[in-house]
Structures are given as structure tokens and as C-alpha cells.
Amino acid sequence: MPAIPLPDLTPAWPEMLLAAAAMALLVFGVLRGEGSTRLVSWLSVLALLLALFAELSLGPAPRVGYYGMFVTDAFALFMKSLVLVGSAAAIIMALRYNEDHGVARFEFPVLILLSATGMMVMVSADNLITLYVGLELQSLALYVVAAFERDSERSTEAGLKYFVLGALASGMLLYGASLIYGFTGTTDFAAIAKSLGGAAAPGAGLVIGMVFVVVGLAFKVSAVPFHMWTPDVYEGAPTPVTAFFSVAPKMAAIALFIRFMIAPFGPLLAEWRQIIIFLSIASMVLGAVAAIAQENMKRLMAYSSIGHVGYALIGLAAGTENGIRGVLVYMAIYLFMNVGTFSVILCMRRDGHMVEGISDLAGLSRTRPALALALAIFMFALAGIPPTAGFFAKVYVFLAAIDAKLAWLAVIGVITSVVGAYYYLRIVKTMYFDEPVAPFDRPIGPELKAVLVVTAVVTLFFFLLPGPLVGGAEAAAASLFLR
Amino acid sequence: MTHWPLLSLVTFLPLVGAAFVLAARGEEAVVARNARWIALWTALIDFALSLALWVDFDPHTADFQFVERADWISFGGFKIQYHMGIDGISLFFILLSTLLTLICVVASWESVTSRVKEYMVAFLIQETLMVGMFCALDFILFYMFFEGVLIPMFLIIGVWGGPRRIYAAFKFFLYTLLGSVLMLLAILAVYFQTGTTDITVALHHAFPFALQKWLWLAFFASFAVKVPMWPVHTWLPDAHVEAPTAGSVILAGILLKMGGYGFVRFSLPMFPLASHYFTPLIFSLSAIAVIYTSLVALAQTDMKKLVAYSSIAHMGFVTMGIFAATSEAVAGSIIQMLSHGIVSAALFLVVGVVYDRLHTRDIARYGGLADRMPAYAFVFMAFTLAAVGLPGTSGFVGEFLILLGTFRVSTLECTLAATAMFLGAAYMLYLYRRIIYGAISHPDLRAMLDLSLREKLVFAPLVLVVLWMGVYPESFLRPIRASVDHLVRQVAAANAAAGIREASR
């Protein structure tokens with residue numbers, strides 16, 4: 001039996017660093033006890049930043065490791081940066097909240113680190129096995145953080161719901177993966193693509209397998225009709241966790257979605273495009289319509305996130321380099337808008353209790369003008385009104401849709417965005433037009449304030465310097481089509 | 001020609017002023033006073049700068065002037081430039097924007113008492129967006145300004161408006177947003193046709209006819225809502241009635257003009273064949289608008305609503321003139337838009353004067369004001385006659401040129417529109433009679449004070465401009481002429497090439 005050579009591990013060393021940091025911090029936390037939470041949190045942020053630098057130092061050139069199961073390229077670089085930034089923001093945002101709610105445990109940042117590791121593996125997956133391993137590592141950590149506020153019934157319920165439905169989705173995905181393996185004889189993305197390269201029509205089994213995987217992924221990005229868990233989990237989970245859910249895992253899942261559709265199944269564009277178009281339209285419509293009746297900010301943001309996934313999927317439906325670039329720009333901007341909105345929601349405390357109703361925002365422009373202005377910026381951005389960043393996000397996906405002869409999809413997109421504008425405006429209306437209710441507690445923690453300022457500035461002034469982000473997205477999209 | 005970035009200066013100066021206003025701190029009364037003065041000086045300087053544009057403007061060329069160009073966003077061929085410039089079509093709209101903002105600041109001096117700081121900031125930001133929109137020569141830049149205007153207007157109506165302000169603000173926002181997003185898609189399609197978002201390139205690009213029709217419709221959706229044309233006009237009466245006086249002034253004075261400007265700037269030169277194809281549609285809608293809304297105006301009991309409906313009727317003339325596509329009609333449309341911008345803005349201010357005193361816009365609550373308010377009666381008369389289109393006022397010039405130009409294209413349309421001029425005279429004079437003449441109907445009207453010095457200062461420049469445009473329109477027509485002639489020739493040439501219209505136009 002020939003000796004198996006040691007695989008090339010360099011592409012994965014940011015992940016290894018992060019995993020090692022998670023273990024080390026876990027041990028550190030156990031030894032130092034509950035009092036070390038703040039320190040562990042900041043060290044976790046540091047670890048995430050180090051991983052970010054490690055990732056950046058790998059550079060955009062494609063590198064394959066683990067016998068071709070793991071790949072880093074410009075695309076992975078871009079999406080991992082978003083995942084890491086989103087995770088770091090979530091840890092920072094949770095600091096004060098967890099302390100105030102008596103759940104300031106050091107496990108929280110460690111779990112986020114572990115889940116971030118899983119997300120990074122997902123982004124880099126070049127093989128069905130890697131895909132599943134990354135997805136499960138991510139998901140298991142997420143189930144736990146959803147139920148992190150374990151004395152709260154809502155939080156526990158959210159965690160359990162997420163777990164049951166998530167396991168179902170994982171099962172579907174795994175079943176699909178096994179079908180794909182069965183019909184192509186390989187789990188390697190490149191090899192699958194090669195087996196599809198021929199002129200012969202793909203077998204029905206293979207297409208069914210692909211559809212099952214798509215269903216699993218649609219669940220993870222909460223695209224309609226696999227979105228049922230989202231509103232409940234978003235509402236029930238502790239607010240910083242919701243903020244985390246709405247960004248980092250979404251980035252990773254979308255990245256995986258894109259890579260899975262483009263790398264192994266790129267040749268089957270005609271087959272899967274209709275599925276993506278359906279998911280996209282259904283998500284946009286439901287996201288726009290169902291959010292109208294919501295009274296709870298977190299629930300509203302859940303429907304909003306469903307809608308935004310719909311817009312991002314327009315780019316994927318285009319299936320072109322332009323389209324993928326659109327999705328990437330969209331997700332990056334979405335990260336900032338969403339983190340910003342959730343940091344405002346975290347500021348919604350009255351007499352030491354969190355409030356979440358939209359009506360609690362009444363008259364905010366008079367009691368807290370700066371906070372109201374920030375939330376107004378995020379709302380106009382989520383609605384896609386220029387000159388905010390949200391406008392550019394939409395422009396890029398619509399551009400791709402028109403380029404790919406899907407103008408009618410873009411028309412549906414703009415119409416739902418007008419419907420959606422209604423509920424974002426409703427929040428602006430509540431803050432600016434309604435009579436003030438009792439003001440929120442002061443002060444806002446310095447960490448939260450920093451997150452708020454950074455996200456608001458990026459969202460509002462994106463148009464001044466869009467180059468780095470758009471350029472990065474472009475390189476990332478190109479790298480996906482290079483291979 | 002100066003080498004200053006004059007356009008950027010005019011566009012962004014109000015933002016600087018807004019930043020200063022925002023920085024005002026201290027007691028509420030002090031902040032309010034400072035906010036008013038900063039806003040006044042900003043608007044004043046900005047207006048003076050925009051006058052410099054007029055002075056330096058070269059009326060002999062149809063090219064864009066004061067051009068500024070810089071790379072802004074660029075990736076993979078999708079290049080967006082910061083590209084500004086004006087020609088004869090846009091010049092006066094910029095002046096109108098800066099003038100009306102100035103007037104609004106003065107007119108709101110005393111009538112706005114709550115949240116003065118935010119109010120002034122909203123108006124200054126709005127000025128930037130309006131001026132920027134008329135200067136922009138890149139589609140994405142244009143669109144950002146075009147849609148960005150919705151935000152301050154939404155807040156102005158919603159925060160400082162009347163009892164049904166929230167309904168009106170939402171209706172205004174969502175209606176116009178729906179129109180503009182369709183235009184956005186058309187803009188993206190134009191990008192794929194021309195390979196650039198540069199407006200100057202797109203203006204001379206020959207689009208295939210089948211595509212022209214679709215793109216024309218998408219642009220139409222946006223501009224028709226803004227103008228507003230019948231039947232998508234219903235947001236306007238609501239918005240006008242609920243908006244504060246200054247909000248109505250900007251709405252009628254500038255925002256409606258954005259639609260007309262869009263038709264002249266984009267629809268006509270970019271899609272000449274589709275414009276010709278859809279001319280019957282425009283003519284029918286315009287004729288319905290002028291006649292129907294004039295009749296509706298006749299039946300109104302709310303002063304603001306009456307003026308709002310009259311706006312729709314007047315803008316019907318404008319759309320008719322634009323798509324008649326003769327030099328006289330297009331130039332007349334631009335003059336009519338300017339005239340209407342001044343006159344309707346002034347009429348809303350006129351309504352605002354009595355509303356400030358009696359807090360009702362119900363026409364039946366007034367009567368015999370001539371007795372107590374002679375100066376007011378004079379100002380009201382001046383603008384009523386201008387709205388009616390009496391020779392010697394600005395309204396006459398615009399309507400006359402439009403009718404003259406349209407007559408050559410469609411006698412029927414011209415006849416219908418001319419009939420509506422009679423209706424216009426009816427509802428305006430009827431309004432005037434009920435409010436100014438007759439006996440003093442309610443005892444509290446006796447206590448009404450005539451125009452204050454501040455109010456006289458607001459109206460004086462407007463009366464002056466109305467008379468100037470009426471007596472010597474050449475000052476305004478001269479800078480417009482070269483651009484309009486060029487535009488009309490271009491449209492005629494495109495249609496002649498397609499064998500549709502005779503080349504003589």
C-alpha cells in the first residue's frame with residue numbers, strides 16, 4: 001500500500017488558527033470562570049481579526065488543499081471576510097446585552113468562533129464531504145447559541161425549532177449529496193462538473209440529487225418556501241444572536257449556494273435556473289407582503305431578510321459573472337445595513353428591559369435624534385433608496401438580470417421593492433411623525449455605539465468610495481468562473 | 001467661462017449650509033433663530049451663484065456647458081462618472097430651484113415653529129438634490145438625485161403637514177417610487193445598449209424601434225407620475241393639501257417639473273420614434289387632463305386642492321407641447337413650466353398667507369378680503385391672471401407658444417386645449433371672486449391683517465418675474481432656443497430617417 005503523502009494544509013490555516021483559538025479560549029474560560037467573559041470576548045474578536053489577516057495573506061490566487069477538497073480563491077477570500085466581520089460584530093454587540101441579561105458566559109464567543117470556523121469551511125468547500133462537514137459544524141454551534149438564553153422560554157423554543165428544522169434540511173442535503181455521488185461516482189466538485197461536460201442530457205437521478213441539495217441550501221439561506229423557521233427563530237433568539245443569524249451564516253450559506261451551483265453544476269444552468277428564479281420570486285414577494293403586518297422589529301427583520309435573499313438570488317439566477325458579482329455586492333452591503341439595524345434594536349431598552357415593538361420607536365427623532373437618523377438611514381438603505389448603499393446593491397443585481405435576459409425578473413424585483421418600501425417607511429414614519437413615547441435608556445455602550453457609527457457611515461457614504469468593495473466582488477466573481 | 005466648478009458649487013453649497021444648521025446647539029429658540037438665518041444666507045448665496053450661471057451662459061450653442069467630469073465608480077466596463085453640465089433646457093430649472101428654496105425659507109420664517117432646525121435641513125438637502133438632478137449628465141447620478149428627492153419631501157409632508165399627512169406622505173412616496181424604479185430598469189437597459197451611463201452619449205444613440213417602445217414606456221411611467229398626468233395624478237391633491245405651504249411650493253414649483261424635464265431631456269431625444277408612436281396617447285391623456293381636472297377644480301371647496309388640480313391642468317399643456325415636438329411648442333413648454341413653477345408656487349403662498357391667519361383653507365370661510373387686505377388682493381390678482389394666461393404675464397407666453405406649435409401637428413388637440421383655457425379662467429376667477437370680493441362673510445375676517453413686510457418681500461420677486469417673463473420673454477427664450485432647436489432637429493431627423501415625419505420640422 002503506497003504511502004499517502006501529507007496533504008497541502010496551507011489553504012486552511014486561517015481555519016486552523018480559528019479552531020485552535022476557540023479551543024484555547026474554551027480552556028482559558030473554564031480555568032478563569034465566568035468573570036473572564038469580557039476578556040474572552042475581546043480575545044475572540046482578536047482571533048477573528050487574526051484569521052482575517054491570515055486569510056488576506058493567502059492572497060486571491062487559487063490554492064487547493066486536502067487533495068482538492070478545500071479551495072481558497074478570491075471568492076473565498078471575499079466571502080470569508082464578510083463572515084469574519086459579521087461574527088466579530090456579533091460578539092461585540094452581544095457584550096452588553098449578555099451582561100444585562102445574566103447570560104454573560106464565555107461559551108458564547110467560543111461558540112461563535114466555532115461556528116465561524118464552520119462557515120469558513122463551507123465557503124471553501126470544493127467537495128460534497130467538505131460542504132457537509134462545514135455546514136454541520138456551523139449549524140451545531142448555531143443551534144446552541146439560538147437557545148443561549150436558556151432561562152427564556154422563547155429562546156429555548158427558538159433553539160429547538162431551529163435544531164429540528166435544521167436537522168431536516170441537513171438530512172435532505174445529505175440525501176441529495178448521496179444521490180449525486182451515486183450517479184456521478186465522485187464527490188469532487190470539479191469531477192462532477194467534468195462528468196456533466198458531455199453532450200448527453202444529465203440523468204434524472206442526478207438532477208433530483210441536485211434539487212435536494214438546493215432545498216437544503218434554500219433552508220439555510222431562508223428562501224421561500226423553506227423560510228418557516230426564520231421569523232420564529234429571529235424573534236425568539238436573543239437579539240445579538242438574531243443579528244448574528246441574519247448576517248454571518250447567511251453569507252456562508254449564500255457563498256456555498258453560489259459555489260455549489262456554479263462549480264459542479266454550472267453546465268446545468270438551464271435546469272437549476274428555474275428553481276432559483278422561483279425561490280427568488282417567492283422570497284421577494286413573501287418578504288415584501290408578510291412584513292407589512294408585523295409589529296415586532298425582530299420579526300419584521302426576519303421577513304426583510306427573506307426578501308433580501310430573494311433579491312440576492314436574482315443575481316444567482318442570472319448565473320453569469322455579472323450576476324455573481326451582484327450577489328456578492330448585495331450581501332456585503334446587506335451585512336452593513338443589517339448589523340446597523342440590529343445595533344439600533346439593541347439600543348431599544350426601556351427601564352432596563354428590551355422592547356421590540358415598532359410602536360416603541362414612536363417619536364424617537366425627538367427623544368434620540370441621532371439614533372433615529374441612523375435607523376432612518378438603514379431603513380432607506382434596506383428599501384433601496386438612493387443615495388444609500390442599498391440602492392447600489394439592487395442596481396448590481398438588476399443589472400445582471402437585464403444582462404441575462406431576465407428583465408421580467410427585475411421588474412418583479414422592483415415592484416416588490418416598492419411594496420417593501422412601505423414597511424421600511426412605516427418605521428421612519430413611527431420615528432419621525434408620531435408623538436414620542438417614553439425615551440429609551442441611556443447610555444448606549446461604547447462598543448455598540450462604535451458599531452452603529454461605522455455601519456451608518458458605510459451605509460450612507462458608500463457612494464463616495466465604492467471601489468474597494470465592488471472591485472473585490474468583481475475579482476471574487478471572476479475567480480469562480482476561472483476554474 | 002469660469003474655471004470654477006460652478007455647478008458643483010451651486011449643487012452642494014446647500015449641503016454645507018445644512019451641516020452648519022445641524023451643528024447649531026443650545027436653547028430651542030436660539031437654535032431655531034440660528035437655523036433660519038443660516039438657511040437664509042445659504043439659500044441667498046446659492047441663488048446668487050446660480051445667477052452667475054445665467055450670466056456666463058453662452059446662448060449660441062446647444063452643447064452642454066460648465067461641464068465637470070470625473071471618474072466615480074468603475075468596474076468591469078460599468079463606469080459611472082460624476083458628470084455635470086447644463087444646456088438651455090436645464091439652465092432655468094436650476095434658477096427656479098434656487099429661487100424657490102430661498103422664497104420657501106423666508107415664507108416659513110414665522111409659520112414653522114416646531115423643529116425648525118430639521119425643517120431647514122430638509123429644505124437645504126432637497127435643494128441640493130433638485131439642482132443636482134437638473135445638472136446630472138450621468139444616468140446613475142441623475143437617478144440618485146431624482147429618487148433622493150423623495151426622502152426630504154416625504155419627511156416634510158409627514159412631519160410638518162396637515163391632519164392626513166401620513167396617508168399623503170406614503171401615497172406620494174410609493175406612487176413616485178413605483179414609477180422611478182421602472183425607469184431605473186430602463187436606464188440599465190440603456191446601459192446595455194450604449195455601453196455607458198453617459199447621458200450625452202445616450203442622447204445620440206439610435207435605439208431600435210421595438211426597444212424604444214419599451215424604454216419609452218418605462219421612462220413614461222416615472223415621468224408621468226411626477227408630472228402628474230391623468231390618470232396617475234391622484235397623489236398630487238393629497239400631497240398638496242397635507243403638505244406645509246413651503247412643501248407645496250417646492251412640490252408644485254420643482255418636483256412636477258422634474259417629470260416635464262425628463263420628457264424633454266430623455267424621452268424625446270433618446271426615443272424619437274417611440275415618442276412619435278405614442279404621441280396620440282400623450283395627446284389624449286393631456287386633453288383629458290386639461291379638461292377633466294379643470295372641471296374638477298371648478299368644484300373644489302378647498303383652496304389648496306383647487307390650486308393642485310389647476311397644476312395638473314397646466315402640466316397637461318406642458319406634456320402636450322413637449323410631444324408636439326415643434327420648436328415653438330417645446331420652447332413654450334419649457335417657458336410654461338417655468339411660469340407655472342413661479343405662479344403655482346406663488347398661489348400656494350397666497351393660500352398660505354390666509355391659512356396662517358385663519359387656519360382654514362375652506363373657500364366658504366372667506367369673502368370680501370379686498371376690504372381689509374388690499375395689498376393681498378393685488379398680489380392674488382396678479383397671480384390669478386398669470387395662471388389664467390392673460391397677455392403680459394408669463395402664463396400667456398407659454399400657453400401661446402404651445403398652442404401655436406401644437407396647431408401645426410394636431411388642430412383638434414389644439415382646439416381642445418384652447419377650450420380648456422376658458423375653463424381655467426373660470427375656476428381661477430371664480431376662486432378669486434369668492435375670496436376677495438363680496439361682503440365680508442364672517443366677523444373674524446375683519447380682524448385680518450394685510451401682508452407684512454416679510455410677506456411683501458416674498459411676493460415682490462415673484463410678481464416681478466411673472467411680469468418680466470410676460471413682457472419681455474426674450475430674456476428667457478434666448479438661452480433656451482439653441483438647445484431646443486437642436487433637439488427638435490434631432491427628433492425630426494430621426495423620424496425622417498425612419499420615413500415617418502416630413503423633414504421640414
Task: Under 4.5 Å from a heavy atom of chain A, the part of B:A218 involved - done: neither
TODO: Could you look at A:S365 and say if it's the side chain, the backbone, both or neither that has a heavy atom under 4.5 Å from chain B?
DONE: both
Task: Region of B:F145 that comes under 4.5 Å of a non-hydrogen atom in chain A - done: neither
Task: Contact origin within B:L178 toward chain A - heavy atom pairs under 4.5 Å - done: both
TODO: Please confirm whether B:F139 and B:Y191 have ring centers closer than 6.0 angstrom.
DONE: no
Open item on the list: Counting only non-hydrogen atoms closer than 4.5 Å, does A:F433 touch chain B with its backbone (N, CA, C, O), its side chain (CB onward), both, or neither?
Closed with: both
Open item on the list: Would you say the ring centers of A:F392 and A:F462 fall short of 6.0 Å from each other?
Closed with: yes
Task: cation_pi(A:K429, B:F170) dist<6.0 Å, angle<=45 - done: no
TODO: Name the option with the most non-hydrogen atom pairs under 4.5 Å to chain A; the candidates are B:L150, B:L129, B:L177.
DONE: B:L177
- [ ] May I ask you to test the A:F378-A:N338 pair for a side-chain heavy-atom distance under 4.5 Å?
- [x] no
- [ ] Select one option (side chain, backbone, both, neither) describing which atoms of A:V419 are under 4.5 Å from chain B's heavy atoms.
- [x] neither
Open item on the list: Is A:Y432 in contact with chain B via its backbone, its side chain, both, or neither, using a 4.5 Å heavy-atom distance?
Closed with: both
Open item on the list: What I want to find out is whether B:R165 reaches B:D238 closely enough, with some N-O distance under 4.0 Å, to be called a salt bridge.
Closed with: no
Open item on the list: Between B:E27 and B:R33, does the salt bridge (charged side-chain N to carboxylate O under 4.0 Å, His left out) criterion hold? Intermediate values first, please.
Closed with: CA-CA 10 Å; B:E27 268 182 67; B:R33 202 186 59 210; over 6 Å; no
